[in-house]
Amino acid sequence: MKLVFATNNPNKLKEVQALVPAHIQLLSLKDIGCFEDIPETADTIEGNAQLKALHVKKYYGYDCFADDTGLEVTALDGAPGVYSARYAGTPRDADANMNKLLAELQNKENRSAQFKTVIALQLNGEEHLFTGIAKGNIIDHKRGNQGFGYDPIFQAEGHDKTFAELSMEEKNQIAHRGKAVRLLIEFLSSC
């Protein structure tokens, strides 16, 4: 089976490739000649995933899945959420995003948060959604150099390391994207 993963993020591609079984050939946007920025104009995480998957299906004709992820912080009423990648403005800058978030949480007691990934799959003319959530807390300083995005300040429930202190394999076992991808793979295995 050939499927396009609609991302230009090499870190996401690497994480997902590590989870996908060998019988599924994963193609990147680069592999299909898609070099434009696919609009992410929805006001929800689900909506952005759906827009990206639909774009590839409509303009390139491939069965496809796309994901969108947001960090939802309780004390900030779910922010940065759908705006996580550009929280501190454009261009995307993970350090600036983390610094802004840490500053906004400086005097907050409740530091609970969750990462949410939604995968939208376009397959055989039908759409399917898969959601993965990782609950945890925002710590008060950056730790670790693995992963990407907010990983250095997010510590999952029941763990004493941040996502950035875990290996890719360890992170995939407990993280939001890994959970959503496992649901996707389980679905594809039943097709």
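- For the residue pair Ala53 and Ala120, the shortest heavy atom distance occurs at CB-O, 3.6 Å.
- Cluster partners of Phe187, using a side-chain heavy-atom cutoff of under 4.5 Å among ILVMFWY residues and allowing indirect links, are Met1, Leu3, Phe5, Leu13, Val16, Leu19, Val20, Ile24, Leu26, Phe65, Ile119, Leu121, Leu123, Phe130, Val181, Leu183, Leu184, Ile185, Leu188.
- With Asn97 contributing its side chain and Ala85 its backbone, the two residues share a donor-acceptor pair below 3.5 Å.
- Separating the CE atom in Met98 from the CG atom in Asp151 is a distance of 8.5 Å, to the nearest 0.5 Å.
- Here the closest heavy-atom approach between residue Ser84 and residue Gly70 is recorded as OG-CA, 3.4 Å.
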Using atom types as modelled, flag every donor-acceptor pair under 3.5 Å from a side chain in residues 72-82 to any protein atom, sequence neighbours excluded.
from	atom 1	to	atom 2	distance (Å)
Glu72	OE1	Gln114	NE2	2.7
Thr74	OG1	Ser112	O	3.3
Thr74	OG1	Ser112	OG	2.8

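- Atom-to-atom distance recorded for Ile38:CD1 and Asn48:CG is 11.0 Å, nearest 0.5 angstrom.
- The hydrophobic cluster containing Leu71 does not contain Ile45, counting ILVMFWY residues as joined when their side-chain heavy atoms lie under 4.5 angstrom apart, directly or transitively.
- Pairs of residues two or more places apart, or lying in two chains, that qualify as side chain to side chain donor-acceptor pair (under 3.5 Å) and include a residue from residues 49-58 are Glu36-His55, Gln50-Glu127, Lys57-Asp63.
- Rounded to the nearest 0.5 Å, atoms CD1 (Ile139) and CD (Gln155) are 6.0 Å apart.
- The nearest pair of heavy atoms linking Ala42 to Leu51 is N-CD1, 3.7 Å.
- Ile133 is not listed as a side-chain neighbour of Lys179, based on a closest heavy-atom distance of 4.5 Å or more.
- Contact check for Ile174 versus Phe163: side-chain heavy atoms found under the 4.5 Å cut-off.
- Residues Leu102 and Arg111 have side chains in contact (heavy-atom distance under 4.5 Å, counting atoms from C-beta outward).
- The pair Lys142-Asp95 counts as a salt bridge, with a side-chain nitrogen and a carboxylate oxygen less than 4.0 angstrom apart.
- The heavy-atom pair separating Ala6 from Cys64 by the smallest distance is CB-SG, 3.8 Å.
- Minimum interatomic distance between Thr131 and Ala180 (heavy atoms only, all atoms of both residues): C-CB, 4.1 Å.
- A 4.5 Å side-chain heavy-atom check between Arg177 and Thr69 finds at least one atom pair inside the cut-off.
- Apart from Met168 itself, the hydrophobic cluster it occupies contains nothing, where clustering links Ile, Leu, Val, Met, Phe, Trp and Tyr at side-chain heavy-atom distances under 4.5 Å.
- Residue Phe148 belongs to no hydrophobic cluster, having no ILVMFWY side-chain heavy atom closer than 4.5 Å to its own.
- Between the OG atom of Ser167 and the NZ atom of Lys161 there is a distance of 8.0 Å, given to the nearest 0.5 Å.
- To the nearest 0.5 Å, atoms CZ (Phe154) and CG (Asn137) are separated by 7.5 Å.
- Interatomic distance, CG of Asn145 versus OG1 of Thr162, reported as 9.0 Å (0.5 Å rounding).
- Using modelled atom types, one side-chain atom of Lys100 and one backbone atom of Tyr87 make a donor-acceptor pair closer than 3.5 Å.
- When all heavy atoms are compared, the tightest approach of Pro152 to Gly149 is CD-O, 3.5 Å.
- Between Leu101 and Tyr150 there is a side-chain heavy-atom pair separated by less than 4.5 Å.
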Check against side chain to side chain contact (heavy atoms under 4.5 Å, CB included), Ile32 and Tyr62: CA-CA 9 Å; Ile32 64 167; Tyr62 287 94; 3.5 Å; yes

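- Here Arg143 pairs with Glu165 under the salt bridge (charged side-chain N to carboxylate O under 4.0 Å, His left out) rule; sequence neighbours left out.
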